[in-house]
There are 2 protein chains.
Amino acid sequence: MATDSITAAATPPLLRRVNAAKLLGVLSRAGVMTGTGLIEATGLTRATVHAVCNDLIEMGWVVELDPGHATVGRPSRRFEFNSRAGYVLGVDVGAARSTVLLADLRGVTVAKAGRSLAAVKTPAERTELVDQAIEEALGAAGVTHAQVLAAGIGVAAPVDRAGHILADDEFWRLFDPALGTHLTTLHHWPALLENDANLATLGEHWRGVAQNVDDLAVLLAGERFGSGLMDSGRLLHGSRGGAGEMLYLKLVEGVGTTHGIARTIRAAAATALADPNLESTLRELAGPVSAEQVFAAAGVGDVVALGILRGVARRTARVIATLGILFNPELVVLGGGVAEAAGVLVPEIEAELSGFTTTPPRVAVSSLGDAIVSVGAVRHALNYVEAHALDLELRPGG
Amino acid sequence: MATDSITAAATPPLLRRVNAAKLLGVLSRAGVMTGTGLIEATGLTRATVHAVCNDLIEMGWVVELDPGHATVGRPSRRFEFNSRAGYVLGVDVGAARSTVLLADLRGVTVAKAGRSLAAVKTPAERTELVDQAIEEALGAAGVTHAQVLAAGIGVAAPVDRAGHILADDEFWRLFDPALGTHLTTLHHWPALLENDANLATLGEHWRGVAQNVDDLAVLLAGERFGSGLMDSGRLLHGSRGGAGEMLYLKLVEGVGTTHGIARTIRAAAATALADPNLESTLRELAGPVSAEQVFAAAGVGDVVALGILRGVARRTARVIATLGILFNPELVVLGGGVAEAAGVLVPEIEAELSGFTTTPPRVAVSSLGDAIVSVGAVRHALNYVEAHALDLELRPGG
DNA sequence: GTTGTTTATATAGACTCTAAATTTAGACTC
DNA sequence: GAGTCTAAATTTAGAGTCTATATAAACAAC
């Protein structure tokens, strides 16, 4: 708004760029199209469509297939988006584990790898293990470094719009000061850092339960609450990448901490079993009770477990209520470690929500499981590739 | 993202549109520029600049001035943005009062009018009074209906991105079902509805204390808390226009209601004075104590008043903390009825905030006073005009 | 009045698109 | 198997946009 934007003047070649980008976008979503199909989809004339397609074939983004079997008339040229013109990486650098997805340009996963980070003691060790996972994924698919066009990297830290981890925050500065620069400089591709909850939001919007939902919140709810917020299809970042931070929960009645669902369940179970008068199948288990065990016990009717889950649902409803009222998303997606099991909480959560607002958001549980962040990281990288497609140089694989 | 957008193909005239829009934007911000200045600002060549300027002069958006006194060389053509090519209205339809600003295309106010809505009983009466204020402003400036290009209308209700008041909400449906359609159909200009807190945010961003701050929250804090949220220069709306709604405050410890600063102060004063043991200058006042009186008493050292304000500051800090943590704005602006007086609360609020987060937003008090919403409404209308400038037909005034 | 500087105007060339005419490739018909 | 039909590809002409360069104009200074 205030920018006097000395962006370049619009010259005739800009038209070709605009039309080429548009055609490539249409084709990448459709996969294969004929010339006539592209004419209808883009509004361009046949002459232009062919000229643009020839350009894109030259650049490597499009390949021409054998003409299809025409029923009548001259056979069409058939164009296919060259989804193997390059690859992207989606990397989730979690607290306990790093997951790497290697995907083609349509987002189809071609390799997967992971490393446990549980024993990591230094940032350098973590980076090394992440690199190992990346190399493993590339090796498994036979993809060279030069073929990778971008990598999305999810971290559990505030990341601003420029992809920088908030340096002011001492915790994260200790955590991984060099992860971003390391990955960006060591490899040939841009490493696009983003907050993990934001990537989870991109993931659900792209391939999860929030497709076609442009006003969205994703609540990572396993060990610690964190959220990603999307308004009109755009992720929020705030001034220092802190949007979605949930530390305010310590001010919310009936919530009090940012402890997530799994952690809250474990604590509640420990408290309940400390009371010798309560009878529960949970008592038969050896060692501390896990959240999964409580869900399982509730599934077979254990009264104590059901009581714990009811309390957790009510608490979670309060978390969702604050987000839902202030942001007004159409949908709140529960993700993170407990996502599948948390499905049983949804009815109770929704019932509770209606006590806080007359226009509550819908509540759903993630369908992406462990991959919620890494799938979003792939989408993040693809967004970059789509935005810069005509500027990137494609290199054929070895 | 999911849209297969059958937007029109990019044809050569699009270039002219792009360049004309850019040049007009530069000129509207600068006021008067020479051809050479426009060349530098736009990156276009002289031939193109002149061609575009001739087009814009033809359309009425630009006027050519007498050549300036050249120090050396051939005198430049001088072009001026024709800020009187049309006008916009900024209308604040508040609970108690409606304020109308009439502004030229650079946003300079050329007339002002208002009506009290205190005695209004029906929507039709309200609409009638708003219309009266509009007519008064137009009459005072000698501007005809045909010269008005757009009107921004602020209402204290959720308004979605399309400018529709949330119809589901029974309160607002009773309030003013037909205000939008009435104003749109009765006059020749588009009436662009928007939530009042959102307009306040536009206003502060444009002409208030938040200039150059693109991650911003404005907290209307007079009788009832309401907020407008801006991320990266864009207003948030949520799925049904409810973004910024603060009903969640009833779940926040130490807040409990959406009652604003003025209302909270009055209630605290009444409570304090009910205790016969407390000595205070407030006791000498006749009738119920107003918020202004408490601010005044505190200003002269009244201990009870100071205690009330301290409590209000702490409560307000909790409101700002929730917004500040979840949204991470760079700045939170306090606006509404108590804005000027609330300046004295800021130090206490900021001190309190640092107890909730290590990265609190800055806190400031609105500089726009009563006009916060109507100024934003003018900006909202101007945004529309700028976006559609080349499609609008300008009509000379009578 | 001549010179110098800056700007305005005119012309030529390049790139882009559309629109319309022409050609082509395959299927179908007799 | 030659002719016909159809849809698509290709070619050609025309219009709009920009830049770059050359030429003309207006004013100041000497």
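None of these values were measured; they are calculated from a predicted model. Residue numbers start from 1 in every chain, and the chains themselves are labelled A, B, ... in the order their sequence lines are given, proteins ahead of strands.
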Treat primed atoms plus P, OP1 and OP2 as sugar-phosphate and everything else as base, then score nucleotides 14-21 of chain C 5' to 3': B for base contact with protein heavy atoms under 4.0 Å, S for sugar-phosphate contact only, - for none. -BBSB---
How many Å lie between [atom1] on [X] and [atom2] on [N], as a whole number?
X	N	atom1	atom2	result
B/Arg78	C/dT6	CZ	P	19 Å
B/Ile39	C/dT6	CD1	C1'	11 Å
A/Asp66	C/dG26	CG	C1'	15 Å
B/His50	D/dC18	NE2	P	14 Å

With sequence neighbours left out, write down each residue that passes salt bridge (Lys or Arg N to Asp or Glu O under 4.0 Å) with B/Asp104, or none if nothing qualifies.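 Salt bridge (Lys or Arg N to Asp or Glu O under 4.0 Å) list for B/Asp104, sorted by chain: B/Arg84.
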Can you list the residues that meet the salt bridge (Lys or Arg N to Asp or Glu O under 4.0 Å) rule with A/Arg78, with sequence neighbours excluded?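 Scan of A/Arg78 (salt bridge (Lys or Arg N to Asp or Glu O under 4.0 Å), adjacent residues dropped) gives none.
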Both distances below 3.5 Å, Watson-Crick or wobble geometry, any strand: find the nucleotide opposite C/dC30.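 Pairing partner: D/dG1.
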Residues which pass ring pair (Phe, Tyr, Trp, His ring centres under 6.0 Å) with A/His388, listed by chain and number, not counting sequence neighbours: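 Scan of A/His388 (ring pair (Phe, Tyr, Trp, His ring centres under 6.0 Å), adjacent residues dropped) gives A/Tyr384.
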What is the minimum heavy-atom distance between A/Leu24 and A/Val62, and which atoms define it?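 Smallest heavy-atom distance, with atoms named: CD1-CG2, 4.1 Å.
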Are any protein N/O atoms closer than 3.5 Å to N/O atoms in nucleotides 22-24 of chain C? If there are, list each pair with its distance.
from: C/dT24; atom 1: O4'; to: A/Arg74; atom 2: NH1; distance (Å): 3.3
from: C/dT24; atom 1: O2; to: A/Arg74; atom 2: NH1; distance (Å): 3.3

Does the pair B/Arg379/B/Glu204 count as a salt bridge with the N-to-O cut at 4.0 Å?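 The answer is no: the pair does not qualify as a salt bridge.
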Strictly below 4.0 Å, N to O, side chains only: are B/Asp214 and A/Arg161 in salt-bridge contact?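 Salt bridge absent between B/Asp214 and A/Arg161.
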With B/Val52, the side chain to side chain contact (heavy atoms under 4.5 Å, CB included) member among B/Leu56, B/Asn54, B/Val49: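 The passing option is B/Leu56.
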Counting any heavy atom closer than 4.0 Å, what does B/Thr36 reach on the DNA or RNA strands: base, sugar-phosphate only, or nothing?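 Since only primed, P, OP1 and OP2 atoms lie under 4.0 Å of B/Thr36, the category is sugar-phosphate.
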For residues 50-63 of chain A, which residue pairs qualify under salt bridge (charged side-chain N to carboxylate O under 4.0 Å, His left out), counting only residues two or more places apart or in two chains?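 Listed once each, the pairs are A/Arg16-A/Asp55.
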